[in-house]
Participant: 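Have a look at this one before I ask anything.
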Amino acid sequence: MTLPHKLHGSWQRCAESYRLDSHGVGVEDILCSAELRQARERMGTIMKVADPELDRLHGIVSTLDYTVLLADREGVVVARRGDPPFEKGCRRWNLWPGARWSEEEAGTNGLGTCLTEQAPVTVHMDQHWRLGLRYLTCSAVPFYGPDGKIAGALDVSSTRPDPTGRVASMMEAVLIDAARRMERRSFLEVFRNRTVVMLGESSNISLPMVALDEARVIVGATFAARNMLNLPEDSAGEVCFDLDAGTTGTPDFREAERAVIEGALAMSQGKIAPAARLLGISRSTMHRKIRAMNAERARHGNADI
């Protein structure tokens, strides 16, 4: 067996930190109905927005005989989408709501290992730590909540995997798109009465979005936005985009201001007036800001907006 590099650490943890028996059957601990209900309630907004995304994801992967699972940040499955012919197999392998798939309990597996690594993971057949799981293939991706923290994971698993693993390797891209959509839906739901601005594209799982109140103070930021703007945890309310004035003395204000303006222009297809309205400033202020930003870019040899 060839073990992918990203799974080496997981196998080491299973052997040395968790001291799990590799001959175990897999998942054994299943939540009762009351515990499962509490786990779903703790997911909050995520459960409100999850249904359409789970349905969409299932529509994509079901033709390849995959089942979709949604887990909380502890690795507890809180929702499932699957076809009736595979229900018996999914129950047998505990690909079912209430199952606990944390890496510490179940060993190397898609859900548990992606949450531990905080990165996309595919575990194909005998790459599972426990022998009892080595007839499964699972790919999983963590997703972020509106507070910028890991909220859970999305998983697609098959009880009839392609022995080559080629199909599974493509699933991560589908899951990353679904994770971004989940984050976006939950962020827009939580900040539905605020101005939400996208700060450009994303190269990872999280989308860079901020929510602004009437005073243009950041009241919410996604994981990617916090990294982009160097925002410490729980400090969003300390940063103000005072676009009618100058900097506030906040570190990296100019870079943050540029990201907000470019995001507003992108959402408005480059039109000045709609972008200005989105940010709550006048057209003249918007033009002045763009001229200043272009002048600064020219000094550094960068292209204009």
Participant: Quick one: are L154 and L54 in side-chain contact, heavy atoms under 4.5 Å?
Facilitator: yes
Participant: Should we count OH of Y135 as having more than 12 external heavy atoms under 6.0 Å?
Facilitator: no
Participant: Could you check whether H124 and T137, counting side-chain N and O atoms only, form a donor-acceptor pair closer than 3.5 Å?
Facilitator: yes
Participant: With distance as the sole test, does K149 use its side chain to make a donor-acceptor pair with the main-chain N or O of F223 at under 3.5 Å?
Facilitator: no
Participant: As a quick check of understanding, evaluate salt bridge (charged side-chain N to carboxylate O under 4.0 Å, His left out) for R13 and E117, giving each step before the final call.
Facilitator: CA-CA 12 Å; R13 289 190 293 271; E117 296 286 343; 2.9 Å; yes
Participant: Would you please say whether a donor-acceptor pair under 3.5 Å links the side chains of S10 and E103?
Facilitator: yes
Participant: Will you find, in the side chains of S282 and T285, an N or O donor that is under 3.5 Å from an N or O acceptor?
Facilitator: yes
Participant: Looking at D126 and W11, what are the two nearest heavy atoms and their distance?
Facilitator: O-CZ2, 3.8 Å
Participant: We want to know whether T108 and Q127 form a side-chain donor-acceptor pair, criterion being a heavy-atom distance below 3.5 angstrom.
Facilitator: no
Participant: Quiz question: by atom type and distance under 3.5 Å, do the side chains of E189 and S186 form a donor-acceptor pair?
Facilitator: no
Participant: Do S139 and D155 touch side chain to side chain, with heavy atoms closer than 4.5 Å?
Facilitator: no
Participant: Please list, chain by chain and in numerical order, all residues satisfying salt bridge (Lys or Arg N to Asp or Glu O under 4.0 Å) with R19, sequence neighbours excluded.
Facilitator: none
Participant: Thinking salt bridges, do E74 and R100 make one under a 4.0 Å N-O criterion?
Facilitator: no
